[in-house]
Protein chains: 2
Amino acid sequence: MSKCEQCIVKQFNSLKSLTKEELVRISGCKTSKTIKKGEVIFEEGDIVNGVFCIKDGICKLSKLSANGKDQIVKLVVKGDLLGQRSLVTEETANLSAVALNDMEVCFIPKSEIISDLSKNANFSMDVLKDMANDLRQADDIIVNMAQKSVRQRLAETLVYLYESFGTNPDKTLSVILSREDYANIVGTAVESAIRVLSQFKKQGLISTSGKKIKIENLEGLKRVE
Amino acid sequence: MSKCEQCIVKQFNSLKSLTKEELVRISGCKTSKTIKKGEVIFEEGDIVNGVFCIKDGICKLSKLSANGKDQIVKLVVKGDLLGQRSLVTEETANLSAVALNDMEVCFIPKSEIISDLSKNANFSMDVLKDMANDLRQADDIIVNMAQKSVRQRLAETLVYLYESFGTNPDKTLSVILSREDYANIVGTAVESAIRVLSQFKKQGLISTSGKKIKIENLEGLKRVE
DNA sequence: CATAAAATATGATATTTATCATGTTTTAAG
DNA sequence: CTTAAAACATGATAAATATCATATTTTATG
């Protein structure tokens, strides 16, 4: 099993502030897991009891609403820590996490890492910063949901995926989502999401082939009203 | 000037975890302020550089969207700490804070309290918990915005105001908001908010007299579809 | 590779919400 | 108390989005 001390992934999240000794101890109690596309990592109401360090892959954090639709709140990717809230609260998970492609993750039990949160001020400050950042992002999404059209939100989602997660060699978005996922990010009906994507195609803003989407006119997308 | 050590308001927020000595020091550098209804506490883009402890009153945290509408993201009330994010990030404020009625607040400079965040683990854990809680709430609002109708969101807002902030002796909601504020919480046009409130009146769910709103049928409001 | 199931696509229509217009009521200032 | 401004209210209409129906394409699986 690989060691946390040597893992480069940790550079991208709060674990980077743990000391050598702390990392060695955590390395000894972590479990590595492979998670297949579509698999549930945890669900709303689950007791999570630890954090997942994402070594590879992407998952969605979503919440089921009363009308049966899943609202995607955040995408969590390689390098991120998943389930930081569980370290801090005694509550059950508020969101579900589902793999969008095959993933490699390490699970660190809460019992092992919780003490570092109070002993290592750098680490707790990092977690605080991360949470503050998530909070700002969430506030921004609230504003977008409330004030922007489906067209705008979908255009912004495509821009976000392009700028945050990049493209494959063939220039298509490296994050591959179903039309339903797009609808669940934007907060609209699947048919509406499909319709808007079709419009974008007709306008030459994107091109598609199956689930693959290529951004053809980034500036145009940014200007969508 | 009153002293933090003896202030009961701090019991309701993270400041309760500061030691006697820390409180005495902070008491010496805080500034008490009276803020009039409608006054701006800070604006998007401002450098906040400290936290406000709300001794009395209510304010709204909102963000201006591109179309010129203000989206209210959160209400901050007596007992809460305002501006916790500023302690953690170097960024400027992401939201504006505006008093909804006359307020009494104490301002604690970041420079004085930041060191406590790394020295006092109880305090930083409290701030973390608070932030985790804000994050959960924000995620829930995203889901509501995306999946619920204006009617439902407005009904839920009324229930929230009733259950979180209570009523005056005459049974009207103690938080008094303009129709525009309601629209800006729900994320709809002012006319739409007014129309829905009128419907609720006709259905006997609420009654109004000017800005005062009385919940007449709480269960009915909770069942609004 | 055949076939069923799932995902994508598009039209027709209904519903929700926004916008514009205009009148009424409430509030604040002198 | 008067008066102007702001807030509230409501109708008419337009625009955005959801829903339902149905066809086509893609994907998964034996």
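Chain letters run A, B, ... following the sequence lines, proteins first, then strands; residues in each count from 1.
In this structure, NZ of B:K202 is placed 11 Å from C1' of D:dG11, rounded to the nearest angstrom. Nucleotide C:dT17 holds its P atom 16 Å from the CD1 atom of B:I194, rounded to whole Å. For B:Q199 and C:dT17, the CD to C1' distance is 12 Å, given to the nearest whole Å. If you measure from atom CG of A:L197 to atom C1' of C:dA7, you get 13 Å, rounded to the nearest angstrom. Rounded to whole Å, atom P of C:dT8 lies 10 Å from atom OH of A:Y182. Between A:F200 atom CZ and C:dA9 atom P there is a gap of 14 Å when expressed in whole angstrom units. The interatomic distance linking B:N184 (CG) with C:dA18 (P) rounds to 12 Å, in whole Å. Atom CD1 of A:I213 is separated from atom C1' of C:dA9 by 14 Å (rounded to the nearest Å).
Rounding to the nearest 0.5 Å gives a distance of 14.0 Å between CG of B:L173 and NZ of B:K211. The distance from atom OH of B:Y182 to atom CG of B:L154, rounded to the nearest 0.5 Å, is 8.0 Å. With values rounded to the nearest 0.5 angstrom, A:Q71 atom CD is found 10.0 Å from B:D139 atom CG. Atom CG of A:L75 is separated from atom CG of A:D80 by 10.0 Å, given to the nearest 0.5 angstrom.
You'll find the side chain of A:E91 reaches within 4.5 Å of the side chain of B:N133, heavy atoms only. Side chains of A:V77 and A:I54 form no contact here, defined as non-hydrogen atoms less than 4.5 Å apart.
Checked for salt-bridge contact, A:R85 and A:D134 miss the test: no charged N lies under 4.0 Å from a carboxylate O. Salt bridge status for A:K110 with A:E90: present, with a side-chain N to carboxylate O gap under 4.0 Å. A salt bridge is absent between A:K30 and A:E112; no separation between the charged side-chain nitrogens and carboxylate oxygens falls under 4.0 Å. Between B:K33 and B:E39, none of the side-chain N atoms (NZ, or NE/NH1/NH2) sits under 4.0 Å from a carboxylate O, so this pair counts as no salt bridge.
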Pairs: protein N or O with nucleotides 15-19 of chain D N or O, under 3.5 Å:
residue	atom	partner	partner atom	Å
D:dT17	OP1	A:V150	N	2.9
D:dA18	OP1	A:T188	OG1	3.4
D:dA18	OP2	A:T188	OG1	2.3
D:dA18	OP2	A:A189	N	3.3
D:dA18	OP2	A:S192	OG	2.8
D:dT19	O4	A:R195	NH2	2.9

Just the atom pairs and distances: protein N or O near nucleotides 24-29 of chain C's N or O, under 3.5 Å.
none

Under 3.5 Å between N/O atoms: give me all the protein pairs with nucleotides 23-25 of chain D, atom names plus distance.
none

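A:K201 comes within 4.0 angstrom of the backbone, heavy atoms only, and of no base.
In plain terms, the two heavy atoms of B:K37 and B:L100 that are nearest each other are CG-O, 3.5 Å.
For C:dT10, the OP1/OP2 oxygens have a side-chain nitrogen or oxygen of A:S198 closer than 4.0 Å.
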Inset, instruction - Start with the C-alpha distance between A:V40 and A:S96, add both sets of side-chain angles, then the distance that settles side-chain contact (heavy atoms from CB on, under 4.5 Å), and finish with yes or no. - result: CA-CA 8 Å; A:V40 173; A:S96 300; 5.7 Å; no
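An end-to-end axis angle of 60° holds for the helix from C:dC1-D:dG30 to C:dG30-D:dC1, taken from five base pairs per end and rounded to 10°.
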Name every donor-acceptor pair, under 3.5 Å, that has one atom in a side chain of residues 55-66 of chain A and the other anywhere in the protein, sequence neighbours excluded.
residue	atom	partner	partner atom	Å
A:K60	NZ	A:D181	OD1	3.0
A:S62	OG	A:D70	OD2	2.8
A:K63	NZ	A:N94	OD1	2.8
A:K63	NZ	B:D140	OD1	2.7
A:S65	OG	A:N67	OD1	2.6
A:S65	OG	A:K69	O	3.3

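When the salt bridge (Lys or Arg N to Asp or Glu O under 4.0 Å) test is applied to A:E156, the partners found at least two apart in sequence or on another chain are A:K148.
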